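Structure record follows, encoded as structure tokens.
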Amino acid sequence: MQEKTKSHHFIFPKTPTGVDGLDEITEGGFPKGRPTLICGGAGCGKTLMSMQFLIKGITDHNENGVFMSFEEPSDDLTLNVKSLGFDLEQLKKDKKLVVDHVRVERSEIEEAGEYDLDGLFIRLGHAIDSVKASRVVLDTIESLFSGLDNQAILRAELRRLFHWLKTKGVTAVITGERGEATLTRQGLEEYVSDCVIVLDHRVIEQVSTRRLRIVNYRGSTHGTNEYPFLIDEEGISVLPITSLKLDNEVSSDIISTGVPGLNEMFNSGGFYRGSNILISGTAGTAKTTVACYFANEQCEKNERTIYFAFEESPHQLVRNMKSIGIDLDKHIKKGILQIHSSRPSLNGLELHLLTLRKMIKEFAPTTIIIDPISNLISVGSEHEVRSMLVRLIDMLKANNITAMFTSLNKQTDNFRPDLAEESVSSLVDTWITVRDMEGVGERNRGIFIIKARGMGHSNQVREFIITNNGIELLDVELGPQGILTGTARQSHQFKKTMSDIKLQNEISRKDREIERKRKVLEANIEALRTEFESAEEELSILKATEELQEKLSSKKKEN
């Protein structure tokens, strides 16, 4: 008999955190039935994250909780989190949550004899049993030992506290303040916690960003990078680095560009659904107009679209597009188009990405336009810009969202691409450039396709104009020195028209001359025919006369 072997994959027991994005980083949540340490400086979000862990456990997983605070009174804590939609009073009335404030005053603590936490164990154990809690939060642990200087006793009591929490079978979150050279002030908690998370609040070039990092997670794999997170009206959202396996699904559906004539430049007649398109060019080359054409085309087909504008307000954008015959306002009123305008400096790069992620989740768009993406460079370094764009494109591809980015290029003499263009050009599927084509005393616009993955495309530079009726791509006009634009095109077309007229006149003259010769020829033929007929007639008379004479001669002989 052939022996069959089966591999059993052990799944580490975990408790969902309730924090958007954090479960993805921890691959399931905090270790179930074990303590987790969350440490960081003031204002980094430790209390909020731990409270969100409790509230979401109650509302989403029916797991009751206990929040024991050593700093904030219960009333203050209730008021602080109410703005985020957390109603602690109602949860306490429903016997699902216990919020207890343990007052610890350093001046009232006298270290004499044995120092232990038996009183805390009794108080905490009663709170757990009263609501049959599965989740516990201790905030913050430094206050509990604020009057204790004996490190040996402190270490022993911490170990006993963490061991007691494990024996109770609760998933515990303990918050601690960041130390100068250690993760926590005492530098001890990280050695007795099964999971250690560090929160950081930093300000770089006047832009505030909060970040999270998992330092240690015993028994489980986890994300090891720094991840930005956002605190808003819905709590904390963490932005993990999106899929790096490049295994997202793709679509073969073709969607129109919306620009008359541009579809014909692609052999397939447009873009692939779910692809990423970059429109780059210098100022005034109609990048925004092309993007609005695409947005309008998508909305006309009832595709939900989000337009991020970093330079124009929604009202200004709607007004400007009306001047060329595009009515975006009707799509906004219909509810299939959202225009969001803000300065890039309003948030850091990662917070813009978090905002976009939340909007994707809430609005579920099929199309997203960011105009221009180059403005994000002002709020981040080159490395941060690249990292943000990679995460953004991975996120959009994972959701099969068609995305169009515009990028503003600087007018320089060299041909080196700008940072945003260089960062994103290798990531996007289709790259279209709009450019100025300057002639003698005039400036014209041209458009061409640099690349289009998976589809053939034109290699020509097409001139286009913007009129009251919108964009119009002109046919390619070739001259002795290449493609002609502007006045050169008009002059060449005029000369060509005059040449065509002259040729037509010459053909008409030749036609008339031929007609005249034909008539002369026909007249000559008719004259010759008449002469021939006269000769024939004369010959016939002669023959008749001869026959008559012969008959007369025959009669004379008979007589």
Side-chain angles (χ1 to χ4, degrees), residues 257-259 261-262 265 276-296 307-326 328 339-346 349 352 368-380 382 385 388-389 392 403-425 428 430-451 461-474 483 485-487:
T257 65
V259 179
L262 184 56
M265 297 183 69
N276 298 283
I277 304 101
L278 173 65
I279 309 292
S280 64
T282 55
T285 50
K287 299 181 299 298
T288 299
T289 303
V290 174
C292 286
Y293 259 93
F294 182 59
N296 181 68
Y307 194 113
F308 284 90
F310 290 134
E311 292 182 338
E312 297 179 88
S313 68
H315 296 293
Q316 183 180 359
L317 190 64
V318 170
R319 181 204 65 187
N320 293 348
M321 290 303 107
K322 279 185 178 180
S323 66
I324 58 172
I326 298 178
L328 298 179
I339 301 178
H340 294 268
S341 297
S342 64
R343 291 296 182 188
S345 55
L346 177 65
L349 285 172
H352 281 296
I368 284 180
I369 297 170
I370 300 180
D371 176 34
I373 201 170
S374 50
N375 280 22
L376 297 174
I377 297 175
S378 61
V379 291
E382 180 177 352
V385 171
M388 183 266 189
L389 294 178
L392 172 62
M404 178 175 284
F405 313 116
T406 68
S407 177
L408 175 64
N409 297 346
K410 297 178 181 178
Q411 292 182 337
T412 55
D413 294 333
N414 56 29
F415 293 97
R416 187 180 185 277
D418 289 331
L419 175 58
E421 185 182 79
E422 185 180 9
S423 300
V424 77
S425 60
V428 297
T430 303
W431 184 4
I432 300 173
T433 294
V434 283
R435 53 185 276 187
D436 288 328
M437 298 186 295
E438 297 185 2
V440 180
E442 64 179 12
R443 171 177 169 268
N444 303 296
R445 297 183 178 94
I447 185 170
F448 65 97
I449 303 170
I450 295 181
K451 72 171 184 176
V461 179
R462 295 284 298 274
E463 183 186 2
F464 68 94
I465 58 175
I466 301 177
T467 65
N468 292 337
N469 298 322
I471 291 180
E472 178 184 354
L473 265 68
L474 305 177
I483 296 177
T485 61
T487 304

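All heavy atoms count here, side chains included; hydrogens, waters and symmetry mates do not. Just so it is clear, the model here is predicted, and its values are computed rather than measured.
- Contact detail for L328 and C292: the closest heavy-atom pair is CD1-SG, 4.1 Å.
- Of the inter-residue distances, the one linking I465 atom CD1 with E472 atom CD reads 4.5 Å to the nearest 0.5 angstrom.
- For the side-chain contact (heavy atoms from CB on, under 4.5 Å) test with W431, the passing option among L278, I277, I449, I279 is L278; the others fail.
- What you find for L392 and I370 is that their closest heavy atoms are CD2-CD1, 3.6 Å.
- Heavy atoms only, all atoms of each residue included: F310 and P372 are closest at CD1-O, 3.3 Å.
- Annotation: the span from I471 atom CD1 to L262 atom CG amounts to 8.5 Å, rounded to 0.5 Å.
- In this view, T406 and D371 satisfy the side-chain hydrogen bond (donor to acceptor under 3.5 Å, both in side chains) rule, not counting sequence neighbours.
- Every residue two or more places apart in sequence or in another chain that forms a ring-ring contact (aromatic ring centres under 6.0 Å, His included) with F308 is listed here: H340.
- The structure places CD1 of I447 at 12.0 Å from CZ of R435, a figure rounded to the nearest 0.5 Å.
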Per-pair distances, 0.1 Å, donor-acceptor, side chain in residues 316-324, under 3.5 Å, sequence neighbours excluded:
residue : atom : partner : partner atom : Å
N320    : ND2  : E312    : OE1          : 2.8
N320    : ND2  : Q316    : O            : 3.3
S323    : OG   : N320    : O            : 2.5

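- The nearest pair of heavy atoms linking Y293 to G258 is CD2-O, 3.0 Å.
- Qualifying ring-ring contact (aromatic ring centres under 6.0 Å, His included) partners for F294, counting only residues two or more places apart in sequence or in other chains: F271.
- Every residue meeting the side-chain contact (heavy atoms from CB on, under 4.5 Å) condition with A286, not counting sequence neighbours, appears here in chain and number order: T289, R445, F464, I466.
- Of all the heavy atoms in L408 and A283, the pair that sits closest is CD1-N, 3.4 Å.
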Practice task
Quick one: do I432 and M265 satisfy side-chain contact (heavy atoms from CB on, under 4.5 Å)? Show the steps, please.
Solution key: CA-CA 11 Å; I432 300 173; M265 297 183 69; over 6 Å; no
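- Put simply, the side chain of K287 gets close to the backbone of T282: a donor and an acceptor are under 3.5 Å apart.
- Rounded to the nearest 0.5 angstrom, H315 NE2 and I339 CD1 are separated by 9.5 Å.
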